[in-house]
There are 2 protein chains.
Amino acid sequence: MATRRDPGTANRVLDVAERLVQVRGYNAFSYADVAAAVGVQKASLHHHFPGKADLGAALVARYHRAFFDELHAMTAKTRAPAARLKRYVAVYGSVLRRNRMCLCGMLASDVATLPKAMREGLQRFFAENEIWLRGVLEEGRERGELRFDGPAAPVASFIVSSLEGAMLVARGSGKLDRFDRVAERLLDVIGARRRS
Amino acid sequence: MATRRDPGTANRVLDVAERLVQVRGYNAFSYADVAAAVGVQKASLHHHFPGKADLGAALVARYHRAFFDELHAMTAKTRAPAARLKRYVAVYGSVLRRNRMCLCGMLASDVATLPKAMREGLQRFFAENEIWLRGVLEEGRERGELRFDGPAAPVASFIVSSLEGAMLVARGSGKLDRFDRVAERLLDVIGARRRS
DNA sequence: GTCTATAGGTGGATAGAC
DNA sequence: GTCTATCCACCTATAGAC
């Protein structure tokens, strides 16, 4: 374990910065905010992440990894495509319940001001989401669990858009429970929810 | 017309600031940016809008008015609820085609950093959107033009969420045409689009 | 790896002349 | 209503000691 990197400060910096971005946005958090919350000086942050762009890119990369690790772990335990979809929706809901926006949804709003590496990270995140969803949708339709017309790809785009938008508007309108009603309706539309 | 206010600088300031917020976000534009684009000094802006919070609140109020003026004008000319829905979706599309996010969708992402007056303006905007949509949805279902289960209110929430999210993700993923496919799917779901 | 100190720039905002 | 001049707080970033 000689080559193991310090799991200490760098990770704590990422934890704090991630929360700040998800709550306030990329252009509304500073090294000073992060340093204060972590309990170090601003200069120490620059040792781990030379510039804000580096920190931002690391945030996107880590979020991407964590998101799909969770997704793939869930997929391994959950057979039925309809159940997978419900759990996928629940992942977004659990982020919102902590008063946060999806990291990449938040950064999507800041896209015009982001360094290139972060923009590319965003594109990969959304693209990979839709690939995963396409698989679930196609399998679900074959099994007769889900129903939708035409190719699965645009339906996957539709699901990502609706969930990101539901988080965005729930936070913006000050009514977090709005998300649950929208998510329910979304699952209904794909046929993933039994009629009550 | 003696009491008519100057339609000059103040409106040009609002035009420029609106564009900057829609493209970059509330925390990524400055009085310096606006002043440079309008062709005046920063101090002049403070004469019309004492602080950034005042400018922001004026932006939300003006956007709200303009949005619903357009909506009500359209409603007066368009009888069929299904056609109204299509035009409603097209309004969002026309904003995106100018490489902008919906002003209130953009501000929704910045909600944690906004002054109270702006937050309240956002809530009113989304609430009124859903009231308008509810009317269209209920009339459309009565006429047999639209189809959906249960009360219209959650469907209205669903539509707003999907459209805001479609704009957000289209910009964030760098594929603006994504919006059109999502919008099409959305109209399909409500039954507003004939099968091709 | 963390600190102090500081640089150089930009943020929103004000005073007061014209 | 617009200008010049200025304030001070905060921003990202760097140098160099420990």
Side-chain angles (χ1 to χ4, degrees), chain A residues 1-21 23-60 106-107 110 112-119, chain B residues 1-21 23-60 106-107 110 112-119:
Chain A
M1 319 295 170
T3 54
R4 257 267 169 276
R5 261 198 271 102
D6 174 26
T9 303
N11 283 335
R12 279 191 298 153
V13 169
L14 287 171
D15 289 340
V16 168
E18 183 178 83
R19 172 175 57 80
L20 287 172
V21 172
V23 173
R24 302 170 54 87
Y26 183 75
N27 294 303
F29 91 100
S30 70
Y31 268 42
D33 296 328
V34 177
V38 172
V40 295
Q41 295 302 312
K42 285 186 291 171
S44 303
L45 302 188
H46 287 282
H47 171 75
H48 299 282
F49 306 97
K52 200 179 179 182
D54 304 292
L55 174 53
L59 282 176
V60 174
M106 181 59 90
L107 292 175
D110 299 322
T113 68
L114 294 182
K116 194 170 156 198
M118 293 185 68
R119 278 204 306 271
Chain B
M1 320 293 169
T3 54
R4 256 267 169 276
R5 261 197 273 100
D6 174 24
T9 303
N11 282 334
R12 279 190 299 151
V13 169
L14 288 170
D15 289 340
V16 167
E18 182 178 82
R19 172 175 56 80
L20 287 171
V21 172
V23 172
R24 302 171 53 88
Y26 183 73
N27 294 302
F29 91 100
S30 70
Y31 268 43
D33 296 329
V34 177
V38 172
V40 295
Q41 296 301 313
K42 282 190 294 173
S44 302
L45 302 189
H46 287 282
H47 172 75
H48 298 282
F49 305 97
K52 201 179 179 182
D54 303 293
L55 174 53
L59 282 177
V60 174
M106 180 61 90
L107 292 175
D110 299 321
T113 67
L114 295 182
K116 195 170 155 197
M118 292 184 70
R119 278 204 306 272

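Throughout, protein chains are lettered first and strands after them, A, B, ... in sequence-line order, and every chain is numbered starting at 1.
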K.L.:
Quick one: N27(A) CG to dT10(C) P, roughly how many Å, whole number?
P.N.:
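It is 15 Å, rounded to the nearest whole Å.
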K.L.:
Starting at CG of L45(A) and ending at C1' of dC3(C), how long is that distance when rounded to a whole Å?
P.N.:
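Answer to the nearest Å: 12 Å.
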K.L.:
Check whether any side-chain nitrogen or oxygen of S30(A) sits under 4.0 Å from OP1 or OP2 of dC11(D), and answer yes or no.
P.N.:
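For S30(A), the contact criterion (side-chain N or O under 4.0 Å from OP1 or OP2 of dC11(D)) is met.
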K.L.:
Under 4.0 Å between a side-chain N/O of S44(A) and OP1 or OP2 of dC3(C), yes or no?
P.N.:
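True: S44(A) side-chain N/O within range (under 4.0 Å) of dC3(C) OP1/OP2.
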K.L.:
Which is true for F49(B) with a 4.0 Å heavy-atom rule: it touches a base, it touches only sugar-phosphate, or it touches nothing?
P.N.:
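Nothing, no nucleic acid heavy atom in range.
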K.L.:
Select one nucleotide: of dT2(D), dA5(C), dT12(D), the one nearest the side-chain heavy atoms of T9(B).
P.N.:
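Nearest nucleotide to the side chain: dT2(D).
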K.L.:
Both A32(A) and P50(A) contact DNA chain D. Taking the nearest nucleotide for each, which residue is further toward the 5' end?
P.N.:
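Looking at DNA chain D, the more 5' nearest nucleotide goes with A32(A).
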K.L.:
Nearest whole Å is fine: how far is dT14(C) P from K52(B) NZ?
P.N.:
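Answer to the nearest Å: 15 Å.
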K.L.:
Over how many whole Å does the gap from Y31(A) atom OH to dA7(C) atom P extend?
P.N.:
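So the OH-P distance, Y31(A) to dA7(C), works out to 21 Å.
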K.L.:
Compare the minimum distances between each of dG1(D), dA15(C), dC3(C) and the side chain of A43(B), then state the nucleotide with the smallest one.
P.N.:
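Output: dA15(C).
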K.L.:
Please report the distance, rounded to the nearest Å, between OH in Y26(A) and C1' in dC11(D).
P.N.:
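About 12 Å, once rounded to whole Å.
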K.L.:
Mark yes or no for whether D110(B), through its side chain, and Y26(B), through its backbone, hold a donor-acceptor pair below 3.5 Å.
P.N.:
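Yes; at least one donor-acceptor contact below 3.5 Å.
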K.L.:
If we ignore hydrogens and angles and just use 3.5 Å, is the side chain of R119(A) paired with the main-chain N or O of L114(A) as donor and acceptor?
P.N.:
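Pair found, side chain donor or acceptor close to backbone of L114(A).
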K.L.:
Atom NE2 of H46(A) to atom P of dG8(C): distance rounded to whole Å?
P.N.:
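Interatomic distance, NE2 of H46(A) to P of dG8(C): 16 Å.
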K.L.:
Nearest heavy atom decides the nucleotide; on that basis, is G39(B) or K42(B) closer to the 5' end of DNA chain D?
P.N.:
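Result of the comparison: G39(B).
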K.L.:
What is the minimum heavy-atom distance between M106(B) and V21(B), and which atoms define it?
P.N.:
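The pair with the smallest heavy-atom distance is CG-O, 3.2 Å.
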K.L.:
Which distance, rounded to the nearest 0.5 Å, do you find between the CZ of F29(B) and the OG1 of T113(A)?
P.N.:
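Result: 13.5 Å between the selected atoms.
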K.L.:
Report the distance from atom CD of Q41(A) to atom P of dT2(C), rounded to the nearest whole Å.
P.N.:
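That distance rounds to 11 Å.
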K.L.:
Do L45(B) and L55(B) come within less than 4.5 Å of each other through their side chains, counting heavy atoms only?
P.N.:
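Contact flag for L45(B)/L55(B) side chains = no.
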K.L.:
Using atom NE2 of H47(A) as one end and atom P of dA17(D) as the other, report the distance to the nearest whole Å.
P.N.:
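Result: 17 Å.
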